[in-house]
Amino acid sequence: MTDQPKNRRDFDEWDAVFEDSDPTRVLDPRTFGQDAGVSATRYQRSPQADQEYQHAAPAQAQPPQQVYSAEPAIPAQPVQAVPASAPPATPLGASSPAAALKRVQFIPAFCGALVAYALATGSLALARTVMGILGVSTYSGLTETVLAVTTPASRAQALPWLITVAVLIAVAFGCAGYTASRMTALAPSKQAVGVLAVSTLGVLLATLLTWSTAQLTPPLAPAYALQSLLTPDLAIGALTALATGVLALAGALIGAGLGTRYHRALTGADARTH
């Protein structure tokens, strides 16, 4: 009866050796005695058993043998991780999409020039009608209006019309710059210059058309050709054309700035909504 508990403790101690995660477990010498040793090692496969197992295993199950070369192995360079959100690399010599959008865009500039032409033509025709009803003097050309303002006798009658024409031109090109800037949302000053460049190209084409059809029975004479702007005084006409270009550029720059500001406000409101 006395040996049974002792034997059971021995078996429990040995079971604990095999169940323990530590491969080596120190045994109690008071329980097992000095003859039994002070440590017990959990069963592990011996190297000789591993060799026998490898000889007994099929050939296809053996791991492939590695061939070692006499030359020293060159350590591989560590691969740098590229974040998923990083934009694709731009090839050498190619411009990025953002840089391309910051240039003068032809289609927004062309649309802005069309807006300027439509607004200037329509608003000047409407203002001419209204001033005719009010009894205010109007003039057919811009140079004629400037000459009338420089003459003391007709200055009081021509000045309201000159101010009206200047305001309408500035507003028309302001809307043109606003249109181009809203279509691109980048580089508003460049888009304003683009609107003026396309408008200047249209004036040059109108001038060429007027010159080429001068011999026809009813010659074609667009209103924005330089022939009508430079007559009847060439020097005053040149200064008037230069002043008109500066006024149109100032209006386009202001309109382009307002267009970008409105675009940023819409972008911020959309970001707050989402």
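Please read these numbers as outputs of a predicted model, since none were measured by experiment. In this chain, numbering begins with 1 at the start of the sequence shown.
Here the CZ-OG1 distance, from Phe110 to Thr179, works out to 13.0 Å after rounding to the nearest 0.5 Å. Going from atom OG1 of Thr138 over to atom CD of Gln157 covers 11.0 Å, rounded to the nearest 0.5 Å. The distance from atom CG of Leu119 to atom CD1 of Ile169, rounded to the nearest 0.5 Å, is 12.0 Å. A distance of 7.5 Å separates CG in Leu220 from OG in Ser212, rounded to the nearest 0.5 Å. In this structure, the separation between CG on Leu249 and OG1 on Thr200 is 9.5 Å, given to the nearest 0.5 Å.
A distance-only check finds a donor-acceptor pair linking the side chain of Thr150 to the backbone of Leu147 [under 3.5 Å]. Ser228 places a side-chain N or O within donor-acceptor distance of the main-chain N or O of Ala223, the cut-off being under 3.5 Å. Checking side-chain atoms of Ser137 against main-chain N and O of Ala158 turns up no donor-acceptor pair under 3.5 Å. Of the possible donor and acceptor atoms, none in the side chain of Gln227 sits under 3.5 Å from a partner among the backbone N and O of Thr210. Side-chain atoms of Ser154 come within 3.5 Å of backbone N or O of Ala148 as a donor-acceptor pair. Counting only distance, with no hydrogens or angles, the side chain of Arg182 and the backbone of Ala256 share no donor-acceptor pair below 3.5 Å.
Under a hydrophobic clustering in which Ile, Leu, Val, Met, Phe, Trp and Tyr are joined whenever their side-chain heavy atoms come within less than 4.5 Å, directly or via other members, Val203 and Leu234 fall into the same cluster. Note on Leu142 and Tyr117: same hydrophobic cluster, where clusters join Ile, Leu, Val, Met, Phe, Trp and Tyr whose side-chain heavy atoms are under 4.5 Å apart, directly or indirectly. Hydrophobic clustering (side-chain heavy atoms under 4.5 Å, transitive across Ile, Leu, Val, Met, Phe, Trp, Tyr) keeps Leu247 apart from Tyr178. Criterion: ILVMFWY side-chain heavy atoms under 4.5 Å apart, direct or through other members. Under it, Tyr224 and Val146 are part of a common hydrophobic cluster. Two different hydrophobic clusters hold Val198 and Val246 under the rule that ILVMFWY side chains link at heavy-atom gaps under 4.5 Å.
By the side chain to side chain contact (heavy atoms under 4.5 Å, CB included) test, Thr164 pairs with Ala127, Met131, Leu168, sequence neighbours left out.
Summarising the geometry of Leu230 relative to Thr143, their closest heavy-atom pair is N-OG1, 4.4 Å, with the distance given to 0.1 Å. In plain terms, the two heavy atoms of Leu229 and Ala241 that are nearest each other are CD2-CB, 3.4 Å. Between Gln105 and Gln191, the shortest heavy-atom contact is N-OE1, 3.2 Å. Nearest heavy-atom pair, Trp161 versus Leu124, reported as atom, atom and distance to 0.1 Å: CH2-O, 4.0 Å. When every heavy atom of Phe173 is checked against every heavy atom of Ser199, the shortest pair comes out as CE2-OG, 3.5 Å. Here the closest non-hydrogen pair linking Leu253 and Ser189 is CD2-CA, 3.8 Å.
Shown here is Leu205, whose CG atom has more than 12 heavy atoms of other residues, nucleotides or ligands within 6.0 Å.
Judged purely by distance below 3.5 Å, without hydrogens or angles, the side chains of Glu144 and Ser140 pair a donor atom with an acceptor atom.
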